Amino acid sequence: MGQYRQPIISTCHFVSYQVEILDWKTKKQLCFLDKVEPNATIREIRLMFHKLYPRWYPARQSIKLDPKGKSLRDEEILQHLPVGTTATLYFKDLGPQIGWTTVFLIEYTGPLFIYFLFYFRMPFVYGLDERFTSSPHPVVNLACICHSFHYIKRLIETVFVHRFSHGTMPLRNIVKNCLYYWGFAAWLAYYINHPLYTPPSYGKKQINSAVIMFLLCEAGNFSIHVALSDLRRNGSKIRKIPYPTKNPFTWLFFFVSCPNYTYEVGTWISFTIMTQCVPVGLFTLLCFIQMTIWAKDKHCTYLREFKDYPSLRMPIIPFLL
């Protein structure tokens, strides 16, 4: 009779990992994590690293598979990555971080109050006497209402609607962003509220049609933000394909990947038509360029992650761009 052999039981799924974390630039070893569970997430590895280096809190860490590659997402699991049981990861310090909610509140509160300085024609702005403390053109009042409505809406969305896939951004970027939003708000307000401002060429017809377009675009933008927020209920960070809902404003999803940007550009186009002001037009052009870049990046991400992504969609302009 042959010798009895005890059956071999596979224990490979119980094997722990060893994780080596190197500086992305110098390739110097920063730490070596032993006996890491195979199902550990990148978030958990960040927390382990943080215990060893308290000054580098998780939001400040960029963990990569390749020094020049993309940062790994928090939810990615160690055993699903293309690494062996001894994994080498690279760390990059992102610098001091600030929460996106705080970022948006700062960015959007500034334009709201800066605009009022020019609307109420403070003496130190134009250096005028009492005869010029108000505008004779109703469109100036309407422009102030629309501009204020836009930024109040953004503040409300920031607090109650938006769900951010990334919790923070580098603190140094807040200065650049504020210069952009606050600076343009001052430039627009200066010319729209200037005593020498002239109303639109086609009068009430031009103004009224622009106001209607403005309100429709604001409603559309808000509807898209709500629809995108609903995809991330309960704090989920899993990316999903956004689809149109029963709300007609979301039907733009049939044709573009980022209708929130489409509506945002439409808002500023209508504001340009309403005020017929060159600085507003230049701001609108810059908005369109920047949002097109963002929309193309997001569109490419959708195409890369979802094989069944709707082929009819374009990034920001239906059938064109």
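On a predicted model such as this, the values are computed, not experimentally measured, just so you know.
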(Q) Between Leu112 and Ser148, is the side chain to side chain contact (heavy atoms under 4.5 Å, CB included) condition met? List the steps. (A) CA-CA 6 Å; Leu112 190 61; Ser148 301; 3.9 Å; yes

(Q) Please determine whether side chain to side chain contact (heavy atoms under 4.5 Å, CB included) holds for the pair Thr85 and Gln18, giving the CA-CA distance in whole Å, both sets of side-chain angles, and the decisive distance to 0.1 Å. (A) CA-CA 6 Å; Thr85 53; Gln18 295 175 323; over 6 Å; no

(Q) side chain to side chain donor-acceptor pair (under 3.5 Å) for His150 and Arg154? Distances and angles first, verdict last. (A) CA-CA 6 Å; His150 177 73; Arg154 282 191 168 189; 3.2 Å; yes

(Q) Pair Phe288, Ile269 - check side chain to side chain contact (heavy atoms under 4.5 Å, CB included), show working. (A) CA-CA 10 Å; Phe288 173 68; Ile269 289 175; over 6 Å; no

Q.
Using ring-ring contact (aromatic ring centres under 6.0 Å, His included), reason through Tyr119 and Tyr115 one step at a time and then give a plain yes or no.
A. CA-CA 6 Å; Tyr119 174 72; Tyr115 196 98; 7.0 Å; no

(Q) Checking Ile316 against Val256 for the side chain to side chain contact (heavy atoms under 4.5 Å, CB included) test, could you report, in this order, the C-alpha distance in whole Å, the side-chain angles of both residues, the deciding distance, and whether it holds? (A) CA-CA 5 Å; Ile316 189 169; Val256 295; 5.6 Å; no

Q: Check the pair Ser257 / Arg313 against side chain to side chain donor-acceptor pair (under 3.5 Å), numbers first and verdict last.
A: CA-CA 6 Å; Ser257 295; Arg313 293 186 188 180; 5.1 Å; no

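The two residues Pro242 and Leu228 come nearest to each other via the heavy atoms CB-CD2, 4.0 Å. Listed here is the closest heavy atom pair of Pro58 and His50: CD-CG, 3.9 Å. Across all non-hydrogen atoms, the minimal contact from Cys258 to Ala295 is SG-CA, 3.7 Å. Shortest non-hydrogen contact noted between Pro199 and Val139 is CB-CG1, 4.2 Å.
Atom NZ of Lys153 sits in a crowded spot, with more than 12 heavy atoms from other residues, nucleotides or ligands closer than 6.0 Å. The environment of Tyr309 atom OH is dense: over 12 non-hydrogen atoms of other residues, nucleotides or ligands sit within 6.0 angstrom. Counting non-hydrogen atoms of neighbouring residues, nucleotides and ligands closer than 6.0 angstrom, the NZ atom of Lys27 exceeds 12 such neighbours. The 12-atom threshold is not exceeded at OH of Tyr202, counting heavy atoms of other residues, nucleotides or ligands nearer than 6.0 Å. Within 6.0 Å of OH in Tyr302 there are more than 12 heavy atoms belonging to other residues, nucleotides or ligands.
When side chains are defined from C-beta on, Asp308 counts as touching Ile241, because their heavy atoms get closer than 4.5 Å. Side-chain atoms of Leu155 and Leu105, non-hydrogen and from C-beta on, do get closer than 4.5 Å to each other. In this structure the side chain of Val36 reaches within 4.5 angstrom of the side chain of Met48, judged on heavy atoms. Two residues are said to be in side-chain contact when any heavy atoms from C-beta on lie closer than 4.5 Å; Ser71 and Tyr90 fail this criterion. Contact check for Leu188 versus Thr275: no side-chain heavy atoms found under the 4.5 Å cut-off. In this structure the side chain of Leu89 reaches within 4.5 angstrom of the side chain of Leu72, judged on heavy atoms. Between Val280 and Met274, the closest side-chain pair of non-hydrogen atoms is not below 4.5 Å. Proximity of Phe319 to Leu312: side-chain heavy atoms (C-beta onward) are separated by under 4.5 Å at one or more points.
When only modelled atom types and interatomic distance are considered, Glu20 and Thr88 share a side-chain donor-acceptor pair under 3.5 Å. Side chains of Ser201 and Gln276: a donor-acceptor N/O pair is present below 3.5 angstrom, by distance only.
In this structure, His194 and Tyr190 have perpendicular ring planes: the angle between them is above 60°, well past the 30° mark. In this pair, Phe116 and Phe120 present their aromatic rings tilted. The plane angle is within the 30 to 60° band. Taking the six-membered ring for Trp and thresholds of 30 and 60 degrees, Tyr261 and Trp294 have ring planes inclined between 30 and 60 degrees apart. Between Tyr108 and Tyr181, the ring planes are perpendicular. Angles over 60° get that label, and only those under 30° would be called parallel. Ring orientation note: the planes of Phe271 and Phe214 are tilted relative to one another, at an angle of 30° to 60°. Aromatic ring pairs are classed by plane angle as parallel below 30°, tilted from 30° to 60° and perpendicular above 60°; the pair Phe184 and Trp187 is tilted.
The ring of Trp56 has its center closer than 6.0 angstrom to the ring center of Phe91. Aromatic rings from Tyr180 and Phe283 are positioned such that their centres are separated by under 6.0 Å.
A continuous path of ILVMFWY side-chain contacts below 4.5 Å connects Tyr243 to Phe306, so both sit in one hydrophobic cluster. Residues Phe253 and Ile317 are members of separate hydrophobic clusters, defined by side-chain heavy-atom contacts under 4.5 angstrom among Ile, Leu, Val, Met, Phe, Trp and Tyr.
Both tests do not hold together for Arg60 against Phe49: distance to the six-membered ring centre under 6.0 Å, angle to the ring axis within 45°.
Of the possible donor and acceptor atoms, one in the side chain of Gln61 sits under 3.5 Å from a partner among the backbone N and O of Arg46. Side-chain atoms of Ser229 come within 3.5 Å of backbone N or O of Val161 as a donor-acceptor pair. Remark: side-chain polar atoms of Glu37 are not paired, donor with acceptor, to backbone N or O of Lys35 under 3.5 angstrom. Of the possible polar contacts, one joining the Tyr263 side chain to the Phe249 backbone as a donor-acceptor pair under 3.5 Å is found. Using modelled atom types, no side-chain atom of His225 and backbone atom of Glu157 make a donor-acceptor pair closer than 3.5 Å. The backbone N or O of Ile106 lies less than 3.5 Å from no partner atom in the side chain of Thr109, so there is not a single donor-acceptor pair. At distances below 3.5 Å, at least one donor-acceptor pair connects side-chain atoms of Gln206 with backbone N or O atoms of Ile273. One N or O on the side chain of Thr250 and one on the backbone of Asn247 form a donor-acceptor pair closer than 3.5 Å.
Taken from CG in Leu321 to NE2 in His299, the straight-line distance is 10.0 Å, to the nearest 0.5 Å. A distance of 7.0 Å separates CH2 of Trp268 from OG1 of Thr284, quoted to the nearest 0.5 Å. The line from CD of Glu305 to NZ of Lys240 is 13.5 Å long, rounded to the nearest 0.5 Å. Atom CG of Asp34 is separated from atom OH of Tyr17 by 14.0 Å, given to the nearest 0.5 angstrom. With rounding to the nearest 0.5 Å, the separation of CZ in Arg239 from CG in Leu231 is 11.0 Å. Atoms NZ and NZ, from Lys25 and Lys68 in turn, are 11.5 Å apart once rounded to the nearest 0.5 Å.
The residue from Leu81, Leu78, Ile77 that alone fulfils the side-chain contact (heavy atoms from CB on, under 4.5 Å) condition with Ile42 is Leu81.
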